[in-house]
Protein chains: 2
Amino acid sequence: MTRPTPPEPHRALTLRDVSEASGVSEMTVSRVLRNRGDVSDATREKVLEAARRLGYVPNKIAGALASQRVNLVGVVIPSLSNMVFPEVMTGISKTLEDTGLQPVVGVSNYQADREEQVIYEMLSWRPSGLIVAGLEHSEAAMAMLAQAGIPIVEIMDIDGKPVDSMVGISHRRAGRKMAEAIIAAGYRKIAFLGTHMPTNDHRARKRLEGFEEALAAAGLSLVDREFYSGGSALAKGREMTETLLKRRPDVDFLYYSNDMIGAGGLLWCLEKGLDVPGQIGLAGFNGVELLDGLPRRLATMDACRLETGVAAAEIIAGKRHSGVIGGEVIEFEPKLQPGDTIRKA
Amino acid sequence: MTRPTPPEPHRALTLRDVSEASGVSEMTVSRVLRNRGDVSDATREKVLEAARRLGYVPNKIAGALASQRVNLVGVVIPSLSNMVFPEVMTGISKTLEDTGLQPVVGVSNYQADREEQVIYEMLSWRPSGLIVAGLEHSEAAMAMLAQAGIPIVEIMDIDGKPVDSMVGISHRRAGRKMAEAIIAAGYRKIAFLGTHMPTNDHRARKRLEGFEEALAAAGLSLVDREFYSGGSALAKGREMTETLLKRRPDVDFLYYSNDMIGAGGLLWCLEKGLDVPGQIGLAGFNGVELLDGLPRRLATMDACRLETGVAAAEIIAGKRHSGVIGGEVIEFEPKLQPGDTIRKA
DNA sequence: GTTTTCACTGTTAGCGCTATCATTAGCAAA
DNA sequence: TTTGCTAATGATAGCGCTAACAGTGAAAAC
């Protein structure tokens, strides 16, 4: 293998090195490398050749400072292992791809103080825009966002007041809609199974609130509930389902706060030979691709993750010609996917 | 809710603003904000109060340029939706947490040219170190990495020559080991099911090569193979398994290139009432947490993802006192998890 | 009283690049 | 020839911060 020999192992190269190597001014090199302004073909070739030969990589720090422009878009999400955020990221990345903007991910682990730190860190790099999951932030974080002077898009929740723009679904409404569908299908003894962090996962909380609202409107209420935290969601789904059904064998519907534990529950029910959806119905939330491979399709509700990512990125990139400057609100309609685990009404 | 009113909506604040507001020099403000050097308590308080009141966020771009230090660590991975990389990220984040270093993620989508771009982009921000998945890169990318003058850690594969350091497992050996276990358990008609991108996913390729090597050493060879691309891995696992077993009903072992399709295959086999692992054995690769919730535990091999992330981050952070400066090689031993889908030898 | 020391604060000079304006050369029109 | 214009290139002045050094005053040591 022939690897090009580094001219000098270290001492970072600068524009001046390229300029000297190609016999033109630094300014001209800068123009060539950024494809800006008029440069003759001959000069351009000379410069590019020299840059390639030396292995020059521009220093964006200096460039950004001088031009006051940074092609970065910060994205602050609670978790990467959740399966739902990667899909949002896909939408963001795709949309940003041809704009010269680059997404930079930060993870808050569902902790407000950690989120505040991450936002601070991101803003200190003066990005072109910031996408943040959720509407709930520490007061300090909100103040920073409000003052940042760049487009801010809060995503995946629209039940509240945004700092600037927001894109996503109403989880309250999603919960309500699911409850209505379940009631319409004739289920009456409904239980909830979800994650054990009602104070941190605001979207799950709002979903449950909406769900209970709709139950109440029909004169019903949850007959039982079961919470978990940590571990393999699939395994936890099994365990919780078993625990709950042992405690309340009369329950006829299990509403899970996410598809993963729902899938675990479904597998458990099928193994036990329960009649799904006759004897007992199940539903999750998110519409993850995973469900396509299960023995039976779990009822769920699509959270429009891809669309959310795309729209958020479009706002940042200024691709959305709505006439509005900032303060946009885009609501997606979560679609019920009845699957095979809820009786046909 | 009382939100602090922004003094002036825009015009980014600088050190000078804080300096004027608190009546000390910019330098002293800088010292306070970075906790560096001696500053009297009275002054410190004054400055912090002013900074807070104004909502000042330091400009790291200027700071980095001046100090020639950037607290960023680039991480270049092929995909986020893969479930395996998030766990590596967890190890990296945790380890970096108390070092003042921040990971920045870039995604290459398993494309060498895209990876080259991402590496270029990252290096242009002059990070403190770079973690890159895999050992195979475009020639230009290798040249950039070699010249970067910062610690480079290639992870998740050690079958090859690193630019600088490398951390991970030998996929060739992992494949070999799995084949040996399968053969030892008495299976003879072994088929492979995997992703349809042998040229892009080098780790899957090496695993298969090692697997076939070990088969050959025992006088065997794969009796059939089936490939897929895109879509829900779980669903694809089902489909492929069905297709393959229709074509070759005599096959007695299915080796999957990852756990997700393996899980799909397992669900299919159980549904069809096949005797697993008596009549037919199954194995995947990765050791994903998901498997804990399946009706039966799929045989797999742990890829040591968390440890890999931790070790890579330690190298970058200089936490590893091996005496070696750069060029470290850390190999983890993939552990076979026999689960319930391979006969006890 | 003088010198030394120390804790604190300020001054100066860039970091590597780009915006802006100035300059030059080349060529056509007057 | 001179003028005017355009394309190509260069010179200059920062961007907002920090490293390095230079004060400053007060207390401590002589």
Quiz prompt | Check: A/F85 and A/I155 side chains under 4.5 Å, non-hydrogen atoms | solution = no

Quiz item: Do B/P78 and B/R203 have side chains that get closer than 4.5 Å, going by heavy atoms?
Solution: yes

Quiz prompt | Residue-phosphate contact under 4.0 Å: B/T43 side-chain N/O, C/dT9 OP1/OP2 | solution = yes

Write out a two-atom table: protein N or O, nucleotide N or O from nucleotides 13-19 of chain C, distance below 3.5 Å.
| from | atom 1 | to | atom 2 | distance (Å) |
| --- | --- | --- | --- | --- |
| C/dC15 | O3' | B/Q68 | NE2 | 2.9 |
| C/dC15 | O2 | B/L65 | O | 3.4 |
| C/dC15 | O2 | B/A66 | N | 3.2 |
| C/dG16 | OP1 | B/Q68 | NE2 | 3.3 |
| C/dG16 | N2 | A/A62 | O | 3.2 |
| C/dC17 | OP1 | A/Y56 | OH | 2.2 |
| C/dC17 | OP1 | A/N59 | N | 3.4 |
| C/dC17 | OP2 | A/L15 | N | 2.5 |
| C/dT18 | OP1 | A/R34 | NE | 3.2 |
| C/dT18 | OP2 | A/S30 | OG | 2.2 |
| C/dA19 | OP1 | A/R69 | NH2 | 2.7 |
| C/dA19 | OP2 | A/R34 | NH1 | 3.1 |

Exercise. Please state how far atom CG in B/D38 lies from atom P in D/dA26, giving the value in whole angstrom units.
Key: 18 Å

Self-check item: Given A/E121, A/E115, A/R114, the one that forms side chain to side chain donor-acceptor pair (under 3.5 Å) with A/Q117
Solution: A/R114

Practice problem: May I ask you to verify if any side-chain N or O of B/T28 is less than 4.0 angstrom from the OP1 or OP2 atom of C/dG10? | Solution: yes

Quiz prompt | pair B/R305-B/T90: side-chain heavy atoms closer than 4.5 Å | solution = no

Quiz prompt | N/O donor-acceptor pair under 3.5 Å between B/S22 side chain and B/V47 backbone | solution = no

